[in-house]
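Here's the structure we're looking at; comments come further down.
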Amino acid sequence: MLSKPFSLSKHERLKSKKQIDALFLNGKAFFVYPFKVKYLFTASGENPQLKFGISVPKRNFKKAVDRNRIKRLSREAYRLHKVPIQEKIQVERSDLQVMFIYTHNEILAYDEMKKAMIKSLHKLVELIPSNTP
RNA sequence: GCUACAAGUAAGGUUAUCGCCGCGACUAUAGAGGUCGGGGAGGAAAGUCCGGACAGCAAAGAGCGACAUACCACCUAACAGAUGGUGCCUGUUGCAAGACAGGUAAGAGAGUGCCACAGAAAAUAACCGUCCGUUGCGCCUUGGCGUGACGAGAUAAGGGUGAAAAAGUGAGGUAAGAGCUCACUGGUAGGGGUGGCAACAUCCCUAUCGGGUAAACCUUAUGUGCUGAAAUGUCAAAUAAGUGAGUGCUUGAGAACGGCUCGUUCGAUACUCAUGGGUAGACAGAUACAUGCAGGUGGUGACAUCUGCGGUAGAUAAAUGAUGACCUUCCCAACUUGUUGGGAAAACAGAAUCCGGCUUAUUUACUUGUAGUUUUU
RNA sequence: GCCGUAGUGGCUCAGUGGUAGAGCACCUCCUUGGUAAGGAGGAGAUCGAGGGUUCAAUUCUCUCCUACGGCU
C-alpha cells in the first residue's frame with residue numbers, strides 16, 4: 001500500500017450503511033466552504049483505517065451529471081492530499097471516518113475545491129486525538 | 001456558390017503521469033494482495049407516457065365491475081408505435097386542375113343527460129303573427145268591412161336573439177301555409193352495377209329531410225388477472241411454521257397480497273397472550289441477445305428471410321476521472337494569401353433487470369433531397 | 001429504481017363546463033388627541049406552461065415544467 005501512496009480503492013471508502021449511520025449519529029462536524037465535514041474518531045488496534053465519503057444533495061443539483069462531476073473533483077482533491085492524515089493516523093492508532101457534504105449550490109472550479117480540501121484535511125490532522133500512551 | 005426547410009450520420013484522435021470498476025492469465029497467501037493482458041455510458045442512458053420479456057401470487061379459472069383502444073390493410077413478441085392507403089378539415093402554393101404539409105376518424109335512425117346569457121322557442125317547437133270556425137259590438141244596400149272575445153282549430157312563410165333555429169333556391173299550390181307537389185342542388189339510409197383485399201370511389205334505383213355534445217353517461221367490437229428487480233430465491237448462530245399457556249374445533253373459523261360474487265386449493269399447521277432471538281450483509285436474479293455490422297433475395301414500404309463476420313459496461317454511498325503535450329478540425333485577428341499569433345473542441349446530458357416504441361432537451365460538422373437566389377459557362 | 005399527490009391575488013385555501021371567490025395582508029376615507037380594534041369603499045389573477053375536444057376550458061384530455069410525499 002505504501003508503494004502507491006495516491007491510490008484510492010474500495011476499502012478506503014465508506015460503504016457500509018451501518019458505519020454511515022453511526023457517523024451521522026455520533027460524529028462531530030465543522031465547516032470549510034463549500035464543504036461540511038462530518039468526522040468520527042474511534043480508537044483502533046494494529047491497522048487503523050481511514051474511510052471517507054462524499055455526499056452531494058439532490059436538492060441542490062437535480063442533474064446526475066452535476067452530482068457526479070462534483071464527486072469526481074472532490075475525490076481527486078482528496079486522493080492527492082490525503083497522505084499526511086494517513087500517516088498521522090498510523091502514528092496515533094485511531095480509526096477515522098469522514099464524510100464531505102457539498103453544501104454550495106453551484107459547481108466550483110477544481111482549484112477552489114482543492115484549496116478547501118487541503119484546508120479541511122489540515123484541520124482534521126489537528127483534531128486527531130492522541131492515543132499513544 | 002449562398003440561404004431556408006426536411007431527413008440521416010458522427011459525437012475528435014494519439015500519448016505521458018497519477019487514479020477508478022469488472023473480466024482473464026500468472027503469481028503469492030491463513031487471508032488481504034501483486035504483475036501482465038484486455039474491456040469500461042447515450043442518442044437521448046432523461047421523462048416513466050405506452051408495449052413486452054422475466055419473477056411471485058394457483059405455471060390465475062368464471063361472471064360482474066373497472067380500465068384501455070377505435071377509418072382500412074399490413075408489420076411486429078407486443079403496442080396508444082411503424083408502413084402503405086381512404087374520407088373530411090385547415091394552411092401554403094397555383095388562373096385552375098392539382099401538389100405539398102399538418103390535423104382528425106366507430107355509433108347522436110338505441111336510451112338518459114346537458115346546451116349559461118340572449119331569444120317566442122335550445123328539441124314531443126304555436127309567444128307574436130297569418131288563416132279558419134263560433135260569437136259580441138259598430139257601420140252600411142240581409143252580405144261584407146272594421147274591431148274584440150272564445151277554440152283540447154289550422155299553420156313552421158315572417159319575427160331585433162344566439163355558437164347553433166328545424167335542408168337551400170325558384171315555381172306551382174292553398175283559407176293561410178307547409179317537401180304538400182315539381183325542377184335543380186345538397187345530406188342521410190337501403191338495394192344493385194363497376195373498380196378495389198378493404199376503408200372507399202363512381203353510376204343507377206328506392207325511401208327520406210331527424211340540431212350539437214360520446215376528450216358527458218353510454219352502446220357496439222376488441223383487449224387487459226394483480227404486483228413490480230426495493231419483484232423473487234438461496235446462505236449463515238436469522239425477524240419463526242420455535243417454546244409455554246389459554247381459546248376454539250369437524251363440514252367449515254380462517255388463509256392463498258386483487259374491487260365484488262362464485263369457484264378451486266390448503267385447512268386447526270388457526271386465533272390470543274407471554275417468552276425468545278438481529279442483521280440491514282453476501283450470492284443468485286444480472287448482462288447471450290425479439291444481438292450488432294456487411295451483403296444477397298422477397299415486398300411500394302414498415303419488415304421478413306438467408307449467408308458471412310463479430311462479442312459489445314455491469315457498478316451497488318454506486319466505476320468510466322484529473323492534469324499536461326501533440327495532431328486534426330473550427331473560430332478570430334494580422335498581413336506577405338498561406339503563413340503567423342491567439343482562442344475553442346463544445347450542446348443536451350451519466351447506465352442501475354433487459355428490450356421495442358413515444359415524448360422532451362440539444363451543439364458543431366458532414367451527406368442527401370426540396371425550394372429560392374446569385375455568378376459563370 | 002418503482003409508485004403517487006399538488007400547482008388559483010402577496011399568504012392560506014374555496015370553486016367547478018357558462019363573466020373567478022373567501023379570510024388575512026395592502027391602499028383610501030370615517031371613527032380617536034394619537035394608535036390598535038371597528039365601519040365604508042377600492043386595487044390586486046395570462047387559474048404553472050403549451051397543444052387538443054367544445055359555441056365556450058380554471059374545470060375534460062394530452063405533453064412538458066415545478067414542488068412534495070411513500071415503498072428497502
Side-chain angles (χ1 to χ4, degrees):
Chain A
M1 200 180 265
L2 290 175
S3 61
K4 288 199 153 206
F6 299 116
S7 82
L8 191 67
S9 69
K10 256 182 174 177
H11 315 285
E12 298 179 53
R13 283 184 235 160
L14 266 174
K15 291 175 99 69
S16 158
K17 185 171 170 62
K18 203 176 178 182
Q19 283 183 335
I20 293 166
D21 286 346
L23 170 60
F24 275 91
L25 197 65
N26 303 319
K28 297 178 179 177
F30 61 87
F31 192 89
V32 178
Y33 175 83
F35 295 110
K36 183 181 181 185
V37 183
K38 197 102 181 170
Y39 64 97
L40 180 64
F41 294 102
T42 45
S44 173
E46 288 290 313
N47 281 314
Q49 288 186 320
L50 170 63
K51 293 204 175 197
F52 94 110
I54 298 160
S55 180
V56 184
K58 203 170 188 176
R59 196 183 193 78
N60 293 348
F61 299 92
K62 292 200 66 68
K63 292 171 185 168
V65 172
D66 297 339
R67 294 197 299 274
N68 276 349
R69 172 123 195 110
I70 290 165
K71 282 185 188 174
R72 284 166 180 164
L73 292 176
S74 309
R75 200 174 58 217
E76 189 71 10
Y78 175 83
R79 182 173 73 80
L80 295 173
H81 302 97
K82 65 168 181 169
V83 176
I85 194 162
Q86 227 166 15
E87 290 172 347
K88 186 82 184 291
I89 277 175
Q90 290 293 332
V91 172
E92 302 289 352
R93 300 214 166 185
S94 172
D95 279 348
L96 171 58
Q97 286 136 29
V98 206
M99 180 67 84
F100 298 91
I101 300 162
Y102 192 90
T103 55
H104 197 47
N105 57 7
E106 288 174 14
I107 304 179
L108 294 176
Y110 174 65
D111 282 344
E112 291 186 56
M113 281 197 206
K114 192 166 73 179
K115 281 180 200 164
M117 183 59 74
I118 292 172
K119 200 173 165 187
S120 44
L121 286 175
H122 275 303
K123 201 160 178 178
L124 274 175
V125 167
E126 289 167 18
L127 285 165
I128 291 175
S130 175
N131 285 336
T132 43

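A, B, ... follow the sequence lines: proteins, then strands. Residue 1 opens every chain.
Using atom C1' as the reference point in both C:C13 and C:G52, the two lie 30 Å apart (nearest Å). Comparing the C1' positions of B:G84 and B:A46 gives an interatomic distance of 33 Å, to the nearest angstrom. With both ends at atom P, the span from B:G65 to B:C217 equals 16 Å, rounded to whole Å. Here the separation of C:U46 from C:G34, taken at their P atoms, is 40 Å to the nearest Å. Spacing between B:A4 and B:A319 at atom P, rounded to whole Å, works out to 42 Å. B:G321 and B:C20 have their P atoms separated by 14 Å, given to the nearest Å. Distance noted for atom C1' between B:G47 and B:C18: 39 Å (whole Å). Taking atom C1' in both C:U8 and C:G23, the straight-line distance is 15 Å, to the nearest Å.
Both A:Y110 and A:L121 are members of a single hydrophobic cluster when ILVMFWY side chains are connected at heavy-atom separations under 4.5 Å. Under the 4.5 Å side-chain heavy-atom criterion for ILVMFWY residues, a single connected hydrophobic cluster contains both A:V83 and A:I89. Tracing side-chain contacts under 4.5 Å through hydrophobic residues (I, L, V, M, F, W, Y), one reaches A:V32 starting from A:I128; they form part of the same cluster.
Closest contact between the side chain of A:R69 and the listed nucleotides B:A41, B:A351, B:A322 involves B:A322.
With its glycosidic angle more than 90° from 0, B:G314 is assigned anti. Taking 90° from 0 as the syn/anti boundary, the base of B:A41 is oriented syn. Applying the 90° criterion around 0 to the glycosidic angle, B:G109 comes out syn. Taking the O4'-C1'-N9-C4 or O4'-C1'-N1-C2 dihedral as appropriate, B:G179 has a value within 90° of 0 and is therefore syn. Base orientation of B:U312: syn, the glycosidic angle falling within 90° of 0.
As a whole-Å value, the separation of A:K114 NZ from B:G321 C1' is 15 Å. The distance from atom CG of A:D66 to atom P of B:A46 is 16 Å, rounded to the nearest whole Å. Distance CD (A:E76) to C1' (B:C20): 10 Å, rounded to an integer number of Å. As a whole-Å value, the separation of A:K82 NZ from B:C20 C1' is 12 Å. Taking atom NZ of A:K63 as the reference point, atom P of B:G350 lies 8 Å away to the nearest angstrom. Between A:Y110 atom OH and B:G324 atom C1' there is a gap of 13 Å when expressed in whole angstrom units. B:A322 atom P lies 15 Å from atom CE of A:M117, rounded to whole Å. When the C1' atom of B:C18 is taken as reference, atom OH of A:Y78 falls 16 Å away, rounded to whole Å.
Checked options A:R67, A:R69, A:H104; the residue passing with A:F61 is A:R67 (criterion: side chain to side chain contact (heavy atoms under 4.5 Å, CB included)). Considering A:F31, A:Y33, A:F35 as possible partners of A:T103, the one that fulfils the side chain to side chain contact (heavy atoms under 4.5 Å, CB included) test is A:F31. Partner of A:F100 under the side chain to side chain contact (heavy atoms under 4.5 Å, CB included) criterion, out of A:S120, A:S74, A:S55: A:S120 alone.
Across all strands shown, B:G295 forms a Watson-Crick or G-U wobble pair, both distances under 3.5 Å, with B:C306. Under the Watson-Crick or G-U wobble criterion, with both distances below 3.5 Å, B:C218 is paired with B:G107. The pairing partner recorded for B:A171 is B:U181, the criterion being a Watson-Crick or G-U wobble arrangement whose two distances lie under 3.5 angstrom. Figure legend. B:G258 is base-paired to no nucleotide; pairs are counted as Watson-Crick or G-U wobble with both atom distances under 3.5 Å. In this structure B:C348 sits in a base pair with B:G42, meeting the Watson-Crick or G-U test at under 3.5 Å. B:G94 is unpaired under the criterion used here, namely a Watson-Crick or G-U wobble arrangement in which both key atom distances are under 3.5 Å. The partner of B:C326 is B:G13, judged by Watson-Crick or G-U wobble contacts that both fall below 3.5 Å. Pairing partner, B:G267: none, since no Watson-Crick or wobble contact has both distances short of 3.5 Å.
The side chain of A:R72 contributes an N or O atom lying less than 4.0 Å from OP1 or OP2 of B:U320.
Each of A:G53 and A:L73 lies near RNA chain B, and the nucleotide nearest A:G53 is the one positioned closer to the 5' end. Sequence order on RNA chain B of the closest nucleotides to A:L80 and A:F52 puts A:L80 first from the 5' end.
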Practice task
Could you walk me through whether A:F52 and A:R75 pass side chain to side chain contact (heavy atoms under 4.5 Å, CB included), step by step?
Solution key: CA-CA 9 Å; A:F52 94 110; A:R75 200 174 58 217; 3.7 Å; yes
Handout entry: Audit row: A:E76, A:R79, salt bridge (Lys or Arg N to Asp or Glu O under 4.0 Å) steps and yes/no
Key = CA-CA 5 Å; A:E76 189 71 10; A:R79 182 173 73 80; 2.6 Å; yes
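At a cut-off of 3.5 angstrom, counting only N and O atoms as typed in the model, there is no donor on one side facing an acceptor on the other between the side-chain of A:R79 and the base of B:C20.
Between A:Y39 and A:F30, the two ring planes are tilted [angle within 30° to 60°].
Heavy atoms of A:R75 sit under 4.0 angstrom from primed sugar atoms or phosphate atoms, though from no base atom.
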Completion exercise
Secondary structure of RNA chain C per the Watson-Crick/G-U criterion (both distances under 3.5 Å; [ ] crossing, | other strand, . unpaired) is (((((((..((((....[..)))).(((((.......))))).....(((((..]....)))))))))))).
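Under a cut-off of 6.0 angstrom, the local environment of NZ in A:K115 is sparse, with at most 12 non-hydrogen atoms contributed by other residues, nucleotides or ligands.
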